[in-house]
Enquirer: 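Before we start, here is the structure in question, set down as structure tokens.
Predicted, not measured: the structure shown is a model, and the values here were computed from it. Every heavy atom of this structure was used, including side-chain atoms; hydrogens, water molecules and symmetry mates were not.
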There are 2 protein chains.
Amino acid sequence: MKTNSKRKIIIVDDHLLFSQSLELLIKSFGDYEVVERFENGKVFIDYLEETNPTEIDLILLDVNMPVLDGLSTMQWLKDNRPDLKVIALSVNDDEEIIIKMITNGAKGYLLKDTSPEIFKEAIECVIEKGFYFTELVSGMLINKVNSDNKKISLKEKEIVFIKHACTEMTYKEIASEMCLSPKTIDGYRESLFDKLEIKTRIGLVLYAIKHKIVFV
Amino acid sequence: MKTNSKRKIIIVDDHLLFSQSLELLIKSFGDYEVVERFENGKVFIDYLEETNPTEIDLILLDVNMPVLDGLSTMQWLKDNRPDLKVIALSVNDDEEIIIKMITNGAKGYLLKDTSPEIFKEAIECVIEKGFYFTELVSGMLINKVNSDNKKISLKEKEIVFIKHACTEMTYKEIASEMCLSPKTIDGYRESLFDKLEIKTRIGLVLYAIKHKIVFV
DNA sequence: TTCGACAAGGGGAAATATACCCTTTTTTGC
DNA sequence: GCAAAAAAGGGTATATTTCCCCTTGTCGAA
């Protein structure tokens with residue numbers, strides 16, 4: 001088999017140790033070659049914009065990266081290069097992230113503890129058939145369509161309030177910080193308690209952290 | 001060079017994709033061979049106990065693993081096989097974890113975004129000289145010895161109380177849950193506020209999450 | 001043995017948070 | 001333009017949290 005008949009793969013991952021090793025693993029499969037490696041979404045997109053490559057068979061995209069993460073990169077790809085096939089790679093199985101990656105066009109989502117055999121299968125499957133989903137991911141997708149009715153949407157001001165509620169400020173202090181009457185703040189609080197099915201400010205803090213509205 | 005003159009390395013990492021790829025990378029360096037791979041601390045320790053190997057030159061130990069993580073594994077090694085040289089591998093640069101790994105005898109701590117060149121250098125350095133510390137780690141060690149005076153120790157009951165405080169229970173409910181008078185709970189609360197330099201229960205919740213006393 | 005630290009428990013008061021029931025104004029969809 | 005929401009604000013009452021100062025008994029170190 002000649003070199004240029006091999007499938008062309010690009011790796012985007014900030015863990016150099018991983019991406020460089022992975023290249024060796026992919027090479028060992030025989031039918032593939034890693035034509036480029038990038039350490040974050042930004043340099044990858046810069047490359048796409050400059051060279052506008054057309055012969056790429058597959059992108060392996062890490063989710064957790066500095067500078068421009070997998071999700072943002074995926075969103076850019078959706079808008080600008082929807083033709084590129086992407087398999088997302090990640091260590092975490094956070095449902096929210098997985099769903100977002102898929103809805104932004106990822107053709108597969110693999111955890112990094114996947115065996116090389118499954119990995120090879122996934123690569124082949126995505127290149128040939130166009131997608132590859134593990135049971136984990138399929139399960140989540142089904143789960144999602146079944147419970148997509150009661151999604152909670154928070155308004156901008158509510159988010160700001162929640163962020164403040166996750167500090168040691170009193171509601172009175174939060175009100176003055178947000179240039180609102182304490183009464184309005186009380187309204188936000190009450191409507192949030194209702195919406196989120198919580199009873200105390202502690203519950204609000206736990207919700208905020210769990211849903212990554214604030215970081216600790 | 002004959003096979004058995006190569007340096008013998010063991011990889012312990014639950015990310016099969018990573019560990020199997022890493023093996024290829026290490027092989028490509030020429031002077032090393034990966035004699036075993038394990039996917040968590042437990043199976044690694046089981047192996048050590050059964051075969052009691054003596055010719056191991058280096059262990060590459062992942063920090064974040066299921067079943068038995070890097071830290072616990074390191075503690076076991078410290079007590080049972082302090083002769084084995086370990087380089088810890090991790091994606092996170094959490095100061096607390098790094099310090100604990102080092103004080104439990106790790107000879108090096110590398111982030112997974114290390115370049116293969118540095119990685120090779122670290123392996124060589126640990127096997128030859130016995131240790132390898134990046135600037136990041138050295139910095140933390142210095143930082144630590146300079147601020148080791150004001151460490152906070154929490155008693156068992158305080159921890160239990162904190163866990164309960166991170167729920168929507170009132171202090172009264174917590175008291176009855178812990179079979180103590182509400183006034184005793186108030187005592188715990190007050191002494192913790194003092195110790196942790198916080199002013200509200202919200203602060204306590206944030207502290208607990210930041211210091212991994214509770215999980216969200 | 002005495003001293004101090006500490007755990008457990010307590011009184012009372014002030015500040016803060018929560019609940020429920022309102023009115024007025026501003027957006028928004030039709 | 002109109003009706004329906006949503007946002008902003010108000011009054012009042014209760015529950016919870018926070019703070020300060022106190023007693024009693026236990027236990028180990030000086």
Enquirer: Between the side chains of B:Asp69 and B:Lys42, is the shortest nitrogen-to-carboxylate-oxygen separation below 4.0 Å, so that they form an ion pair?
Expert: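 Salt bridge: no.
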Enquirer: Return the value, rounded to whole Å, for the distance between atom CG of B:Leu204 and atom P of D:dT16.
Expert: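 After rounding, the reported distance stands at 18 Å.
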Enquirer: Counting only side-chain N and O atoms of A:Ser181, is one of them less than 4.0 Å from OP1 or OP2 of D:dG10?
Expert: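 For A:Ser181, the contact criterion (side-chain N or O under 4.0 Å from OP1 or OP2 of D:dG10) is met.
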Enquirer: Report yes if the distance between the aromatic ring centroids of B:Tyr47 and B:Phe38 is under 6.0 Å, otherwise no.
Expert: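 Judged by ring-centre distance (under 6.0 Å), B:Tyr47 and B:Phe38 do meet the cut-off.
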Enquirer: Between B:Glu124 and B:Lys129, does any NZ, NE, NH1 or NH2 come within less than 4.0 Å of an OD or OE carboxylate oxygen?
Expert: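 Result for this pair is no, no salt bridge flagged.
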Enquirer: Decide, yes or no, whether a salt bridge links A:Glu177 with A:Lys163 under the criterion of side-chain N to carboxylate O below 4.0 Å.
Expert: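 Here A:Glu177 does not pair with A:Lys163 in a salt bridge, since their nearest N and O are not under 4.0 Å apart.
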Enquirer: Calculate the interatomic distance between B:Glu190 atom CD and D:dC19 atom P; express it in whole Å.
Expert: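 These atoms are roughly 7 Å apart.
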Enquirer: Atom CG of A:Asp186 and atom P of C:dA17: how far apart are they, to the nearest Å?
Expert: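 Computing the A:Asp186:CG to C:dA17:P distance gives 10 Å.
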Enquirer: For the pair made of CD1 in A:Ile202 and P in C:dT16, what is the distance, rounded to whole Å?
Expert: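 After rounding, the reported distance stands at 16 Å.
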Enquirer: Restricting to salt bridge (Lys or Arg N to Asp or Glu O under 4.0 Å), what partner residues turn up for B:Asp14, sequence neighbours left out?
Expert: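 Listed in chain order: nothing, the list is empty.
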Enquirer: A:Arg189 has a side chain; which of C:dA19, C:dG9, D:dT18 sits nearest to it?
Expert: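 Nearest to the side-chain atoms of A:Arg189, counting from C-beta on, is C:dA19.
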Enquirer: In residues 163-178 of chain B, which ones come under 4.0 Å of DNA chain C, going by heavy atoms?
Expert: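 None, since no heavy atom is under 4.0 Å.
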Enquirer: Is the shortest side-chain N/O distance from B:Tyr188 to OP1 or OP2 of C:dA8 below 4.0 Å?
Expert: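 True: B:Tyr188 side-chain N/O within range (under 4.0 Å) of C:dA8 OP1/OP2.
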Enquirer: From C-beta outward on B:Lys155, which listed nucleotide comes closest to its side chain: C:dA7, D:dA8, C:dC20?
Expert: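 Selected nucleotide (nearest to the side chain): C:dA7.
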Enquirer: I need the CG-C1' distance between A:Leu180 and D:dG10, as an integer number of Å.
Expert: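 Taking atom C1' of D:dG10 as the reference, CG of A:Leu180 is at 15 Å.
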Enquirer: If you compare all heavy atoms of B:Tyr207 against all heavy atoms of B:Ile213, which two are closest, and at what distance to 0.1 Å?
Expert: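 Where B:Tyr207 meets B:Ile213 most closely, the heavy atoms are CE2-CD1, 3.9 Å.
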Enquirer: Which listed nucleotide (D:dC19, C:dT18, D:dA8) is nearest to the side chain of A:Arg201?
Expert: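 Of the options given, the side chain of A:Arg201 lies nearest C:dT18.
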Enquirer: Within the modelled atom types, does a donor on one side and an acceptor on the other bring the side chain of A:Lys183 and the base of D:dT12 under 3.5 Å apart?
Expert: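 Counting by modelled atom types and ignoring angles, a donor-acceptor contact under 3.5 Å is found here.
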Enquirer: Could you check B:Ser191 against B:Asp194 for side-chain hydrogen bond (donor to acceptor under 3.5 Å, both in side chains), going step by step and ending with a plain yes or no?
Expert: CA-CA 5 Å; B:Ser191 110; B:Asp194 202 41; over 6 Å; no
Enquirer: Once you round it to whole Å, what is the distance between P of D:dA8 and CG of A:Leu192?
Expert: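 After rounding, the gap between these two atoms is 12 Å.
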Enquirer: What integer distance in Å separates B:Phe193:CZ from D:dC19:C1'?
Expert: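 Spelled out: CZ on B:Phe193 to C1' on D:dC19 is 11 Å.
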